[in-house]
Amino acid sequence: MLDVIKTRRSHRKFLQKEVEPEKLEELLRAAFYAPSSKSLKPWEFIVVRHKELKEGLSRASLYSRFVKDAPLIIVICYDTTKNRRFKEDSSIAAAMISLEAENQGLGTCFVQVAEAYEADVGDTEGYVKRLLNIPNNYRVQCLLPIGYPAVKLPPKTDDEIEQHKVHNETFGSR
């Protein structure tokens with residue numbers, strides 16, 4: 001598992017190759033296996049493949065410009081009526097999708113939507129909600145553009161482990 005974690009990188013450039021339906025199914029299965037507070041699973045997943053909708057999502061923020069070039073985008077939302085831990089739960093589901101994407105030879109990048117604000121569109125989340133017809137009681141956590149990476153990025157190395165950030169028993173104790 002550490003090999004998958006070390007090779008998982010944020011990809012912003014994708015080959016123009018469709019993601020096979022069975023791979024998409026595995027990504028979503030990974031998300032549904034994610035732990036959630038009280039097992040309430042507050043998440044919903046919107047799979048976006050339509051060119052115009054991907055173009056629209058690319059205008060959600062300065063950081064989402066590249067998503068239009070991904071073969072598909074998984075938009076992760078959460079139901080605010082289900083639990084208080086919905087934001088954390090949906091982020092864990094996004095991490096599971098990201099790891100399974102790497103495992104499947106695919107790439108992705110977590111594009112924050114919740115609590116984002118951009119001068120071009122104002123309320124980023126409101127813009128995405130209007131574009132995708134998301135009900136009021138849902139929040140949008142993130143966009144996950146998915147595709148075959150156009151560039152192979154090097155894996156992370158053990159040099160990136162920062163032991164000084166590990167504390168024993170109390171903060172500051174090494």
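In terms of heavy atoms, Arg9 sits closest to Glu102 at N-OE1, 4.2 Å. The two residues Cys109 and Pro145 make their nearest non-hydrogen contact at O-CD, 3.1 Å. Counting all heavy atoms, side chain and backbone alike, Pro149 lies closest to Gly105 at CD-O, 3.6 Å. Taking both residues in full, the closest heavy atoms of Ser58 and Lys68 are given as CB-CB, 3.8 Å, listed atom of the first, atom of the second, then distance. Closest approach of Ala31 and Phe45 over heavy atoms only: CB-CZ, 3.5 Å. Pairing each heavy atom of Lys82 with each of Lys41, the nearest pair is NZ-O, 4.1 Å.
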Walk me through whether Thr80 and Tyr138 qualify under side-chain contact (heavy atoms from CB on, under 4.5 Å). CA-CA 6 Å; Thr80 60; Tyr138 284 85; over 6 Å; no
Report the C-alpha distance between Asp79 and Phe86 in whole Å, list the side-chain angles of each, state the deciding distance to 0.1 Å, and finish with yes or no for side-chain contact (heavy atoms from CB on, under 4.5 Å). CA-CA 7 Å; Asp79 185 346; Phe86 38 71; over 6 Å; no
If you apply the rule side-chain contact (heavy atoms from CB on, under 4.5 Å), what do you find for Leu24 with Leu72, and how did you get there? CA-CA 9 Å; Leu24 174 58; Leu72 66 90; 4.3 Å; yes
Check the pair Arg12 / Val151 against side-chain contact (heavy atoms from CB on, under 4.5 Å), numbers first and verdict last. CA-CA 9 Å; Arg12 293 174 180 83; Val151 178; over 6 Å; no
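Using a 4.5 Å heavy-atom threshold, the side chains of Val48 and Leu143 count as separate. Contact check for Leu132 versus Val140: no side-chain heavy atoms found under the 4.5 Å cut-off. Side chains of Gln112 and Thr124 form no contact here, defined as non-hydrogen atoms less than 4.5 Å apart. Proximity of Asp89 to Trp43: side-chain heavy atoms (C-beta onward) are separated by under 4.5 Å at one or more points. By the 4.5 Å heavy-atom criterion applied to side chains, Lys87 and Arg139 are not counted as neighbours. Here the side chains of Leu28 and Ile74 are in contact, with some heavy-atom distance below 4.5 Å. Using a 4.5 Å heavy-atom cutoff, the side chains of Phe110 and Gln141 are in contact. In this structure, the side chains of Gln163 and Val166 come closer than 4.5 Å at one or more pairs of heavy atoms.
Both Val47 and Leu144 are part of a single hydrophobic cluster, where members link through side-chain heavy atoms under 4.5 Å apart. Ile46 and Val19 fall into different hydrophobic clusters, where Ile, Leu, Val, Met, Phe, Trp and Tyr are joined by side-chain heavy atoms under 4.5 Å apart, directly or via other members. No single ILVMFWY cluster, assembled from side-chain heavy atoms under 4.5 Å apart, contains both Met96 and Val4. Under the 4.5 Å side-chain heavy-atom criterion for ILVMFWY residues, a single connected hydrophobic cluster contains both Tyr127 and Val67. Cluster membership for Leu2 and Leu99, using ILVMFWY side-chain heavy atoms within less than 4.5 angstrom, is shared.
With rounding to the nearest 0.5 angstrom, the CD1 atom of Ile92 is 9.5 Å from the OG atom of Ser37. One distance of note links OG1 of Thr7 with NZ of Lys156; it measures 10.0 Å at 0.5 Å rounding. In this structure, NZ in Lys54 is found 12.5 Å from CZ in Phe66, a value given to the nearest 0.5 Å. The line from CG of Asn168 to OG of Ser173 is 7.5 Å long, rounded to the nearest 0.5 Å. Here the CG atom belonging to Leu27 is positioned 11.0 Å from the CD atom belonging to Glu22, to the nearest 0.5 angstrom. The structure places OH of Tyr78 at 14.5 Å from OG of Ser36, a figure rounded to the nearest 0.5 Å.
For the side chain to side chain contact (heavy atoms under 4.5 Å, CB included) with Ser64, the lone residue among Val111, Leu57, Val113, Ile73 that qualifies is Val111.
At distances below 3.5 Å, at least one donor-acceptor pair connects side-chain atoms of Glu160 with backbone N or O atoms of Thr157. Using a distance-only test at 3.5 Å, with no hydrogens or angles considered, no donor-acceptor pair links the side chain of Glu44 to the main chain of Val75. A distance-only check finds no donor-acceptor pair linking the side chain of Lys17 to the backbone of Tyr148 [under 3.5 Å]. In terms of modelled atom types and a separation under 3.5 Å, the side chain of Ser90 and the main chain of Cys77 share no donor-acceptor contact.
The environment of CG in Asn136 is sparse: at most 12 heavy-atom neighbours from other residues, nucleotides or ligands sit within 6.0 Å.
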